[in-house]
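Reckoned from all heavy atoms, side chains included, excluding hydrogens, waters and symmetry mates. Reminder, nothing fancy here: chain letters follow the sequence lines and each chain counts from 1.
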Number of protein chains: 2
Amino acid sequence: MAVTIKDVAKLANVAPSTVSRVIANSSRISERTKERVREAMEELGYHPNFNARSLVNQQTNTLGVIIPSSAKIAFQNPFFPEVIRGITSKAYLEKFGLYLSTGQTENEILEEVRQMVQSRRVDGILLLYSKVDDKVINYLIQQDFPFVLIGRPYEAEAMKVSYVNNDNLKAAKTVTEYLLLLGHEHIGFIGGNLDYVVTRDHKEGYQQALHKAGFESKQEYIVYYDEIQEGGQEAVIELMSLKTPPTALVVADDLMALGVLRMLDEMEISVPEEMSVVSFNNVMLSELSSPPLTTVDIHIYELGFQATDCLIKKIHDPKQPTKKVIVPHKFIKRQTCRKRVAQKEISS
Amino acid sequence: MAVTIKDVAKLANVAPSTVSRVIANSSRISERTKERVREAMEELGYHPNFNARSLVNQQTNTLGVIIPSSAKIAFQNPFFPEVIRGITSKAYLEKFGLYLSTGQTENEILEEVRQMVQSRRVDGILLLYSKVDDKVINYLIQQDFPFVLIGRPYEAEAMKVSYVNNDNLKAAKTVTEYLLLLGHEHIGFIGGNLDYVVTRDHKEGYQQALHKAGFESKQEYIVYYDEIQEGGQEAVIELMSLKTPPTALVVADDLMALGVLRMLDEMEISVPEEMSVVSFNNVMLSELSSPPLTTVDIHIYELGFQATDCLIKKIHDPKQPTKKVIVPHKFIKRQTCRKRVAQKEISS
DNA sequence: ATGAAAGCGCTAACAT
DNA sequence: ATGTTAGCGCTTTCAT
């Protein structure tokens with residue numbers, strides 16, 4: 001078996017508790033013994049047993065990270081790697097470990113979360129998505145277990161939920177207004193899955209901008225897709241089949257926008273000449289597309305970093321008031337938007 | 001505090017050991033008491049304490065997942081999410097948890113790995129990358145700790161390392177031969193970081209194909225980049241500045257190929273008319289680019305799944321012989337390659 | 001078929 | 001300043 005505290009104690013000629021105190025660098029141990037004990041630890045290659053510590057301390061220094069159930073789709077989206085990167089940075093600084101959920105369906109995940117909290121496998125939980133009416137959130141609230149949401153809770157009841165989010169409504173409103181200013185009057189909206197709060201916020205912002213400008217937001221210009229791969233493409237077909245097809249598109253995220261560009265390319269509709277496109281997230285590949293995407297940078301890394309910060313604080317002091325952090329976004333203009341050209345000018 | 005085995009025992013009027021046996025579904029407990037105990041567990045909402053179990057069993061049912069140090073770059077690449085997805089699936093099936101590395105530099109990661117193994121925080125380790133002369137690998141070998149490599153060890157000494165890999169050399173050879181068959185005589189090679197074994201395998205395959213066809217592989221056609229973002233772009237500039245610029249490109253991976261396409265687009269070099277491009281991985285966005293990428297599907301998900309399978313088997317039976325699994329690849333022809341047109345035909 | 005007791009490796013209260 | 005001891009929650013001999 002591995003070397004334990006007892007072995008070190010024996011070699012250093014002290015009691016196990018002394019060794020323990022040396023590990024904690026207790027001030028009640030003389031420098032001389034500390035020295036001796038440390039040498040013994042070195043010599044034996046001692047490392048404290050993680051489980052033993054966790055057991056007695058009643059804490060694991062580990063954060064549970066919950067990835068949405070549609071992992072197949074979700075994980076393809078650079079959003080998740082990037083949040084995790086943010087989480088990772090902060091967790092490393094605070095010496096916390098990361099424990100990843102592995103469930104694929106909503107129920108599997110719920111069961112997993114239950115395990116995590118009840119078996120004390122983690123000290124807190126990071127939820128990487130916010131769904132409308134989510135069972136996991138409800139469970140966590142009911143258990144009063146420390147957790148932080150990335151996104152925002154949908155239900156009003158969830159006042160006590162800490163979260164880190166962007167102002168997605170405002171972002172959507174801004175890009176729509178921008179398109180409006182460019183003279184576009186028929187603007188399509190390609191949203192993600194309606195179960196996600198972010199989709200609803202985007203839609204709301206889009207509609208507010210339209211209404212404010214005196215336009216009616218017509219149902220047929222609004223389309224939702226969750227399948228990123230085919231999603232963008234089908235959405236384009238649907239919208240371009242309208243009697244009056246849109247001349248600009250607000251797209252749920254960069255990856256889907258890529259699919260949109262691809263489809264547009266196939267249909268020989270040129271971007272931005274004949275169609276303007278704006279999307280959200282500003283993941284790296286939005287710069288690599290042809291043409292590069294005009295998009296909203298939501299600072300994904302920061303979302304993860306802040307959420308982790310917030311969670312760890314909450315773990316250290318459970319009485320912390322609930323916090324709502326809004327990470328600012330930034331509109332990035334690249335090459336997929338252009339002033340609208342009147343129809344005749346094109347067709348002539 | 002949470003409910004423990006003792007509480008259950010008390011309620012069911014049995015000894016703690018009996019409860020423990022019920023959890024393990026021991027055959028030595030009568031159905032009647034099992035029933036009673038289970039009811040008590042239900043009533044109290046009992047869940048076994050993970051750390052206590054790990055402590056006595058000397059196993060954690062957790063796998064350590066080590067992400068390469070250049071996480072910033074690495075994680076942007078869809079390769080990693082996709083391997084993790086494969087890992088996740090298998091881990092879930094086997095009821096193993098996943099513990100993620102958080103270190104950013106090579107040394108941080110090495111230290112983390114040390115912690116993981118010495119503190120018994122994980123039962124085995126999955127290395128998601130294979131670097132030439134990697135300290136982590138050497139440490140793991142020396143500790144004789146169960147681990148599986150995704151990729152392959154570079155040093156011959158590492159005979160005892162189990163790994164899951166593609167035949168990257170062959171894949172690179174095949175695509176180069178394909179380009180050769182299309183009449184291309186000047187084929188550029190844009191590889192990833194030379195520290196990674198996969199890069200060396202790609203280069204080797206590329207060169208073998210060239211030599212077999214009677215061509216010399218010239219140094220100036222071979223270029224390495226690790227920065228995905230700018231990498232592809234700079235590489236293109238470098239290669240196109242040659243006196244005889246290549247008419248075809250073998251690119252390290254899809255993401256970088258995207259950057260290449262983007263740059264080519266900017267330089268108004270049309271793909272595939274004036275330049276053929278092949279890459280590796282077949283991540284989802286390779287289908288979304290314009291034009292869609294001709295690439296090699298290396299079955300990333302499968303790599304993760306197989307590696308996890310292999311590791312768990314090894315954990316269950318440490319005497320298992322070392323295994324080398326080669327996941328087959330598949331050449332996916334899409335729209336970035338075309339027969340070479342003689343120079344004059346274009347310029348005329 | 002079940003209970004009692006020891007022990008996994010560590011920390012912390014209580015001695016001294 | 002250091003040692004003794006109990007106990008975290010569980011599993012596993014060893015009894016009965």
| Length of the line joining D7(A):CG and dC10(C):C1', which is rounded to integer Å | 13 Å

| Reckon V14(A) touches a base, only the sugar-phosphate, or nothing at all at heavy-atom distances under 4.0 Å? | sugar-phosphate

| field | Salt bridge E35(A)-R32(A), side-chain N to carboxylate O under 4.0 Å | value | no

| query | Is any side-chain nitrogen or oxygen of T18(A) closer than 4.0 Å to OP1 or OP2 of dT2(D)? | reply | no

| said: So Y46(A), base contact, sugar-phosphate only, or nothing? Heavy-atom distance under 4.0 Å. | reply: sugar-phosphate

| note | Between CZ of R36(B) and C1' of dG3(C) the distance, given in whole Å, is 13 Å

| said: Any base atoms under 4.0 Å from N57(B), or only sugar-phosphate, or nothing? Heavy atoms, all strands. | reply: sugar-phosphate

| task | Mind checking R53(A) for me? I need base, sugar-phosphate or nothing, with any heavy atom below 4.0 Å counting as a touch. | result | sugar-phosphate

| query | Is the phosphate of dT11(D), meaning OP1 or OP2, less than 4.0 Å from a side-chain N or O of S20(B)? | reply | yes

| request: For N13(A), answer base if it contacts any base atom (sugar-phosphate contacts may also be present), sugar-phosphate if it contacts only those atoms, and nothing otherwise; contact means non-hydrogen atoms under 4.0 Å. | output: sugar-phosphate

| said: Please pick, from dG9(D), dT2(C), dG9(C), the nucleotide with the shortest atom-to-atom distance to any side-chain atom of N49(A). | reply: dG9(C)

| To the nearest Å, how far apart are H47(A) NE2 and dC10(C) P? | 12 Å

| Rounded interatomic separation in angstrom, taking CG from N25(A) and C1' from dA1(D) | 15 Å

| said: Checking side-chain polar atoms at under 3.5 Å, does R121(B) have a donor or acceptor matched by the opposite partner on T62(A)? | reply: yes

| query | Using 4.0 Å as the upper bound for N to carboxylate O, is an ion pair formed by R85(A) and E82(A)? | reply | yes

| said: I want to confirm an ordering. Mapping R21(B) and A52(B) to their closest nucleotides on DNA chain C, which one lands closer to the 5' end? | reply: R21(B)

| So, is Q58(A) close to the dT11(C) phosphate, meaning a side-chain N or O under 4.0 Å from OP1 or OP2? | no

| message | Expressed as a whole number of angstroms, how long is the span from E31(A):CD to dA1(D):C1'? | response | 12 Å

| field | Separation of dC10(D) P from Q59(B) CD (nearest whole Å) | value | 16 Å

| request: Please name the residue in the list D195(A), V198(A), D134(A), I150(A) that meets the side-chain contact (heavy atoms from CB on, under 4.5 Å) test with Y129(A). | output: D134(A)

| said: Quick check: on DNA chain D, is the nucleotide nearest R28(B) upstream (toward 5') of the one nearest L55(B), or the reverse? Name the residue that is more 5'. | reply: L55(B)

| query | Quick one: is dA1(C) close enough that its OP1 or OP2 comes under 4.0 Å of any side-chain N or O from T33(B)? | reply | no

| Rounded interatomic separation in angstrom, taking CD1 from I5(A) and C1' from dA12(C) | 12 Å

| With respect to the phosphate group of dC8(D), does any side-chain polar atom (N or O) of S54(A) fall under 4.0 Å of OP1 or OP2? | no

| note | 5'-most contact on DNA chain C (nearest-nucleotide basis), K6(A) vs S27(B), goes to S27(B)

| query | Does Q142(B) CD have over 12 foreign heavy atoms under 6.0 Å away? | reply | yes

| Could you state the CG-C1' distance from N51(B) to dT11(D), rounded to the nearest angstrom? | 15 Å

| field | Salt-bridge contact K313(A)-D317(A) (side-chain N to carboxylate O under 4.0 Å) | value | no

| message | Is it the case that dT5(D) (base atoms only) and S17(A) (side chain only) share a donor and an acceptor within less than 3.5 Å, ignoring hydrogens and angles? | response | no

